[in-house]
Amino acid sequence: MKKYDVIIVGGGISGAVAAISAAREGVSVLIVEQYGFLGGMLTAGGVGPMMTFHAGKYQVVRGITDEVIQRLIIKGKSPGHIFDTTGYTYTVTPFDNEGMKQELEEMLLESGGEILYHATVCNCITEGDVLKEIDVCTKSDRIRLSAAVFLDATGDANLAYLSNVKTIKGREADGASQPMTMNMKFTDVDISKVKSYIKDKKNIQEFPRIRENLNIVDKACRLSIGGFEKSFQQGRENGELSFERGEILFFETNNPGEVIVNSTRVSLPDSTDPWQMSQAEIIGRRQARELELFLKKNISGFKNAVLIYTGPVQIGVRSSRQIVGVYTLNENDLFYSRQFEDTIAHGGYKIDVHPPCGGYDEKFKKDFLEKRDLSYGAFYNIPYRSLINNDVKNIITVGRCISASFMAQGAIRVSPIAGAIGHAGGAAASVAIKNGLLPTEIDYRDIQCILKKQNAYLHIGEK
């Protein structure tokens with residue numbers, strides 16, 4: 001059995017940033033990761049770009065999460081934070097997939113952290129309200145690992161669930177989660193043809209988000225666009241596309257002419273069910289094949305495009321389990337920018353909930369139509385109490401599965417905010433270790449002090 005100060009289960013953006021933060025404070029850290037690389041949905045799920053680090057013109061996600069991007073810029077693997085030409089949010093941050101894998105790994109190893117790849121937690125051993133050890137299934141054997149503090153960065157709250165922390169799934173009314181998406185990556189897309197089509201006023205009805213300013217597509221060095229709505233509907237009507245989705249959404253990566261298409265929709269309610277998840281992968285690839293043929297035939301600029309992967313490792317998951325924490329962040333906290341003494345992260349991304357059952361069912365209509373949107377430049381606060389729970393007191397949860405309502409999770413689930421939450425979780429773990437305390441016992445001001453030292457942005461005690 002190997003023993004560490006901190007073990008982090010899950011090496012996505014949240015887990016990786018948490019590990020870097022904790023290791024930089026001098027504690028021993030291990031990431032247990034199911035794949036052979038870091039990055040989570042950004043690399044395994046083909047998600048991109050990161051959106052958004054900003055609230056209006058102000059950058060509210062900084063620290064280690066932004067440091068990753070600054071290092072990628074230096075290496076030519078990201079253009080940085082650029083204007084969002086979809087008209088949906090403030091900025092997007094394209095990146096090179098392989099560059100992201102390498103940079104997260106290098107930063108973690110530089111900090112002194114360790115990684116165990118191709119490993120999945122299969123059992124948790126608790127004593128009272130403390131998690132003592134975990135069993136990890138690897139390629140060759142089952143390994144037992146021990147730590148004083150554990151971080152759940154699995155996205156699905158797997159570690160918390162296996163340790164008997166209270167969790168919930170999906171929408172409060174019926175447990176339905178947001179649909180999954182099989183992301184697709186194409187090369188050799190003729191971006192100039194795409195832009196010409198968008199800017200042709202004959203096609204103005206195709207792009208309702210930007211119809212007042214079609215030239216918006218020239219405001220960034222990489223294209224992001226949501227639209228082609230009439231074309232998509234026609235594809236549905238003539239049988240080329242079998243699934244419900246209102247538009248074609250795609251984003252140019254760091255590499256010109258390479259785009260990520262985020263337009264499939266798999267509406268199974270529970271991505272934590274292995275049978276449903278297996279079915280989702282099959283359905284997602286089937287939809288991707290339909291979409292590939294449709295894009296090549298009908299969408300300007302895609303005629304000679306080459307599909308290089310779907311996934312590439314797994315279907316993209318937006319929501320699943322949430323822990324029931326000491327405090328549950330809710331949508332009113334976001335709408336009213338409620339202040340918390342124990343604020344450890346901020347976000348400016350608005351609530352973005354995809355209809356859970358594939359169509360706009362009545363419950364979703366009610367929730368969606370009654371919600372209020374954030375005003376321009378507004379940002380919200382995330383408290384440390386949403387990362388900890390009263391059931392197992394040495395588990396800190398980070399990323400999209402913290403304690404949050406279904407609607408609030410629709411905002412804080414995106415990668416920059418997940419990274420900021422992870423940064424706070426790593427800082428909290430180091431405070432607990434250095435003081436010989438449980439994560440539920442530490443002073444939040446000590447977490448804030450480390451975050452500021454590590455260049456995170458915190459807007460505390462001001463109105």
Side-chain angles (χ1 to χ4, degrees), residues 1-45 50 62-78 93 95-121 134 136 138-140 143 145-155 159 254 312-313 396 398-399 415-416 418-434 450-451 453-456:
M1 182 173 69
K2 296 194 72 172
K3 187 169 185 177
Y4 295 84
D5 292 327
V6 178
I7 291 177
I8 299 171
V9 181
I13 185 66
S14 192
V17 170
I20 295 164
S21 174
R24 285 180 177 178
E25 290 301 304
V27 301
S28 63
V29 178
L30 174 72
I31 282 185
V32 175
E33 166 55 40
Q34 64 179 322
Y35 301 127
F37 50 85
L38 303 177
M41 286 294 100
L42 290 176
T43 51
M50 300 177 76
R62 304 183 199 172
I64 294 172
T65 311
D66 186 57
E67 184 184 335
V68 175
I69 302 305
Q70 300 309 314
R71 289 173 58 133
L72 288 174
I73 292 170
I74 292 170
K75 295 180 179 179
K77 299 295 185 179
S78 173
T93 309
F95 58 90
D96 176 84
N97 188 292
E98 292 303 311
M100 179 64 74
K101 291 179 187 177
Q102 293 163 6
E103 206 60 44
L104 290 173
E105 189 174 85
E106 285 181 15
M107 289 177 68
L108 177 58
L109 296 178
E110 286 170 9
S111 72
E114 295 182 41
I115 309 168
L116 179 63
Y117 284 135
H118 304 294
T120 305
V121 174
I134 59 174
V136 175
T138 70
K139 299 288 285 184
S140 63
I143 300 171
L145 300 169
S146 176
V149 175
F150 292 85
L151 268 70
D152 187 334
T154 62
L159 180 69
N254 176 70
V313 179
I396 302 170
V398 296
S415 54
I421 294 169
H423 191 172
S430 69
V431 171
I433 295 298
K434 289 181 175 182
I450 290 176
L451 289 172
K453 183 179 74 171
Q454 294 182 346
N455 299 315

Could you check whether any side-chain heavy atom of Lys77 comes within less than 4.5 Å of a side-chain heavy atom of Glu103, counting everything from C-beta outward? no
Starting from the C-alpha separation in whole Å, work towards a yes-or-no answer on side chain to side chain donor-acceptor pair (under 3.5 Å) for Ser28 and Asp5. CA-CA 5 Å; Ser28 63; Asp5 292 327; 3.2 Å; yes
Looking only at heavy atoms, which two atoms of Gly419 and Val17 are closest? And how far apart? O-CG1, 3.5 Å
Check whether any side-chain heavy atom of Lys101 lies under 4.5 Å from a side-chain heavy atom of Tyr35, and answer yes or no. no
Might you point out which heavy atoms bring Gly99 and Leu72 nearest each other, and give the distance in Å? O-CD2, 3.5 Å
Other residues, nucleotides, ligands: >12 heavy atoms within 6.0 Å of Lys75 NZ: yes
Which pair of non-hydrogen atoms, one from Val398 and one from Gly425, has the smallest distance, and what is that distance? CG1-CA, 3.7 Å
Separation of Arg24 CZ from Ile450 CD1 (nearest 0.5 Å): 13.0 Å
List in chain and number order the residues that pass salt bridge (charged side-chain N to carboxylate O under 4.0 Å, His left out) with Lys453, two or more places apart in sequence or in another chain; answer none if no residue qualifies. Glu25
Non-hydrogen side-chain atoms of Val68 and Phe95 separated by less than 4.5 Å: no
Output all residues satisfying salt bridge (charged side-chain N to carboxylate O under 4.0 Å, His left out) with Glu33, sequence neighbours left out; order by chain, then residue number. none
Side chains of Ile13 and Leu104: does their closest heavy-atom pair fall under 4.5 Å? yes
Any chance you could measure Ser78, atom OG, to Gln70, atom CD, to the nearest 0.5 Å? 8.5 Å
Pairwise distance CG(Leu38) to CD1(Ile115) - rounded to 0.5 angstrom: 4.5 Å
Separation between CD1 of Ile143 and CG of Leu116, rounded to the nearest 0.5 Å: 5.5 Å
Spatial distance of atom CD1 (Ile31) from atom CD1 (Ile7) [nearest 0.5 Å]: 11.5 Å
Give me the atom names and distance for the closest heavy-atom approach of Ala22 to Gly426. CB-O, 3.4 Å
Say whether, by atom type as modelled, one donor and one acceptor occur between the side chain of Asn455 and the main chain of Arg62 under 3.5 angstrom. no
Closer than 3.5 angstrom, by distance alone: can the side chain of Asp152 be matched with the main-chain N or O of Leu159 as a donor-acceptor pair? yes
Minimal heavy-atom distance between Ala23 and Gly112, with the atoms involved, is CB-C, 4.4 Å
So, does Ser111 use its side chain to make a donor-acceptor pair with the main chain of Leu108 at under 3.5 Å? yes
Kindly compute the distance separating CG (Leu151) from CG (Leu30), expressed to the nearest 0.5 Å. 12.0 Å
For Ala418 against Gly399, the heavy-atom pair lying closest together: CB-CA, 4.1 Å
Is there a side-chain contact between Glu67 and His423, using heavy atoms and a 4.5 Å cut-off? no
